[in-house]
Protein chains: 2
Amino acid sequence: MAQSSYLNELKSKKLKATPKRLAILRVLSAASVYLGPQEIWEQLKKDFKKLGLPTVYRNLEELVDAGLVSRIIHPNRRLYYFLCENRLQHHHFICVQCGKVQDISFCAEAQLLQEVDQIYGGKILSHTLQVNGLCRCCLKH
Amino acid sequence: MAQSSYLNELKSKKLKATPKRLAILRVLSAASVYLGPQEIWEQLKKDFKKLGLPTVYRNLEELVDAGLVSRIIHPNRRLYYFLCENRLQHHHFICVQCGKVQDISFCAEAQLLQEVDQIYGGKILSHTLQVNGLCRCCLKH
DNA sequence: CATCTAAATAGAAATGATTTTCAATTGGAG
DNA sequence: CTCCAATTGAAAATCATTTCTATTTAGATG
């Protein structure tokens with residue numbers, strides 16, 4: 001994702017383009033794996049002499065709310081984040097070993113909607129489809 | 001689920017049928033909503049003068065591992081547990097308001113397996129499909 | 001039924017990720 | 001340039017969850 005498109009998206013979400021926020025996006029963008037707040041913090045401490053861990057936590061959640069970043073639901077129950085270039089794919093195959101994230105093009109949304117609506121009369125607020133496993137690479141070793 | 005079938009399942013998983021473990025299963029079985037460790041503990045403190053919260057946590061995880069109880073992944077990131085009578089349905093529609101859990105018969109496993117296997121060459125270890133929303137009842141109010 | 005062993009337990013204490021607080025700072029619209 | 005709302009740092013709090021250790025118990029076996 002181009003740097004400039006961040007700016008537009010941030011602006012539309014009323015988030016200021018602060019240096020730290022942009023740096024967090026840059027780190028996520030450069031990573032090929034999902035990252036935890038700690039890791040992001042450690043990477044950025046080199047660039048900013050003052051950077052609090054809470055700032056990283058706060059920004060990540062804001063970026064998730066704004067839809068720029070997706071949150072990974074790891075079996076270990078810690079928070080991980082990933083910047084998915086493809087905004088249309090909400091679902092992922094994550095490798096629990098190396099942390100790689102790959103889009104899942106299959107989406108059950110339509111079927112789920114139908115079932116929940118017709119059978120239960122309920123309303124879907126959100127849904128989670130995440131597949132945990134080992135990627136081709138980790139499978140070899 | 002009948003009480004006697006618990007015993008068989010516990011035995012086959014090498015879990016002792018202790019009074020507390022059975023009581024936890026009883027509480028879960030009687031509940032129509034998912035429960036957190038705290039709630040279960042509070043209910044059982046009436047029956048056992050000595051009952052530690054860690055015991056509840058430990059037992060719940062053991063029961064999940066044994067496949068008797070399913071874990072709910074709540075958006076608030078706390079742990080919740082639910083005893084699903086229908087062991088074949090791994091997926092649920094949960095109401096974030098009242099806590100009701102309903103089976104989702106639709107399962108994407110086959111399609112996911114195919115996609116992950118054919119496209120990425122990876123191996124699925126587990127997958128999560130959970131739909132969060134409001135049940136028919138909570139929708140009315 | 002008595003014995004024995006691995007499993008289970010209580011209780012306290014530790015852990016550690018995440019969140020809150022609040023005063024000080026800063027981005028960016030006008 | 002000014003100003004206000006958004007952002008931040010630092011410290012402290014939170015709080016669910018885990019660990020530890022000594023003690024107890026379930027249930028297999030004789």
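Chain naming here is simple, since letters A, B, ... match the order of the sequence lines and numbering starts at 1 in each.
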- By side-chain hydrogen bond (donor to acceptor under 3.5 Å, both in side chains), B:Glu115 pairs with (sequence neighbours left out) A:Ser105
- Message: Distance check needed: C:dA29 P versus A:Lys16 NZ, whole Å only.
- Response: 10 Å
Pairs of donor and acceptor atoms involving the side chains of residues 35-53 of chain B, under 3.5 Å and at least two apart or interchain, shall be tabulated with distances.
{"from": "B:Glu39", "atom 1": "OE1", "to": "B:Gly36", "atom 2": "N", "distance (Å)": "2.7"}
{"from": "B:Trp41", "atom 1": "NE1", "to": "B:Leu51", "atom 2": "O", "distance (Å)": "2.7"}

- Item | Contact check, side chains of B:Leu7 and B:Leu22, non-hydrogen atoms, under 4.5 Å | yes
- Task: Carefully, step by step, assess A:Tyr81 and A:Leu28 under the rule side chain to side chain contact (heavy atoms under 4.5 Å, CB included).
- Result: CA-CA 8 Å; A:Tyr81 299 87; A:Leu28 283 173; 4.3 Å; yes
- Between B:Lys20 and D:dA26, does any side-chain N or O lie under 4.0 Å from OP1 or OP2? no
- What integer distance in Å separates B:Leu7:CG from D:dA26:C1'? 12 Å
- For A:Lys11, does the NZ atom have more than 12 heavy-atom neighbours from other residues, nucleotides or ligands under 6.0 Å away? no
- Task: Might you work through the side chain to side chain contact (heavy atoms under 4.5 Å, CB included) test for B:Arg136 and A:Lys123, ending with a clear yes or no?
- Result: CA-CA 7 Å; B:Arg136 182 207 301 263; A:Lys123 178 172 165 41; over 6 Å; no
- Item | Carboxylate-amine/guanidinium contact B:Glu62 B:Lys13, below 4.0 Å | no
- Message: Any side-chain N or O of B:Thr18 below 4.0 angstrom from OP1/OP2 of C:dT9?
- Response: yes
- Listed by chain and number, what are the side-chain hydrogen bond (donor to acceptor under 3.5 Å, both in side chains) partners of A:Arg58, not counting sequence neighbours? A:Thr55
- Query: Considering only heavy atoms, which members of residues 35-51 of chain B lie under 4.0 Å from some atom of DNA chain C?
  - Reply: B:Lys50, B:Leu51
- Between atom CG in A:Asp65 and atom C1' in D:dA6, what is the gap in whole Å? 15 Å
- Considering only heavy atoms, which members of residues 53-61 of chain A lie under 4.0 Å from some atom of DNA chain D? A:Pro54, A:Thr55, A:Arg58, A:Asn59
- Query: If Ile, Leu, Val, Met, Phe, Trp and Tyr residues are connected whenever their side-chain heavy atoms lie under 4.5 Å apart, and connections chain through other members, are A:Val101 and A:Val64 in the same group?
  - Reply: no
- Item | Distance, rounded to the nearest Å, where B:Tyr80 contributes OH and D:dT17 contributes P | 9 Å
- Send over the distance from B:Arg21 CZ to C:dT9 C1', rounded to a whole Å. 10 Å
- Query: Is the closest side-chain heavy-atom distance between A:Ile24 and A:Val69 below 4.5 Å?
  - Reply: no
- Comparing A:Glu62 with B:Lys11, nearest DNA chain D nucleotide closer to 5' gives the residue A:Glu62
- Item | Aromatic ring proximity A:Phe82/A:Tyr34, centre distance under 6.0 Å | no
- Task: State, to the nearest 10°, the angle formed by the axis through the first five base pairs of the helix from C:dC1-D:dG30 to C:dG30-D:dC1 and the axis through its last five.
- Result: 50°
- Message: Measure CZ/A:Arg78 against P/C:dG16 and give the value in whole Å, please.
- Response: 9 Å
- With the side chain counted from C-beta on, respond yes when A:Leu15 and A:Arg21 share a heavy-atom pair under 4.5 Å apart, and no when they do not. yes
- Note on the structure: Whichever of A:Arg71 and B:Pro19 has the more 5' nearest nucleotide on DNA chain C, that residue is B:Pro19
- Rounded to whole Å, the NZ-P distance (B:Lys14 to C:dA8) equals 12 Å
- When the distance from CG of A:Leu10 to C1' of D:dA6 is rounded to whole Å, what number comes out? 13 Å
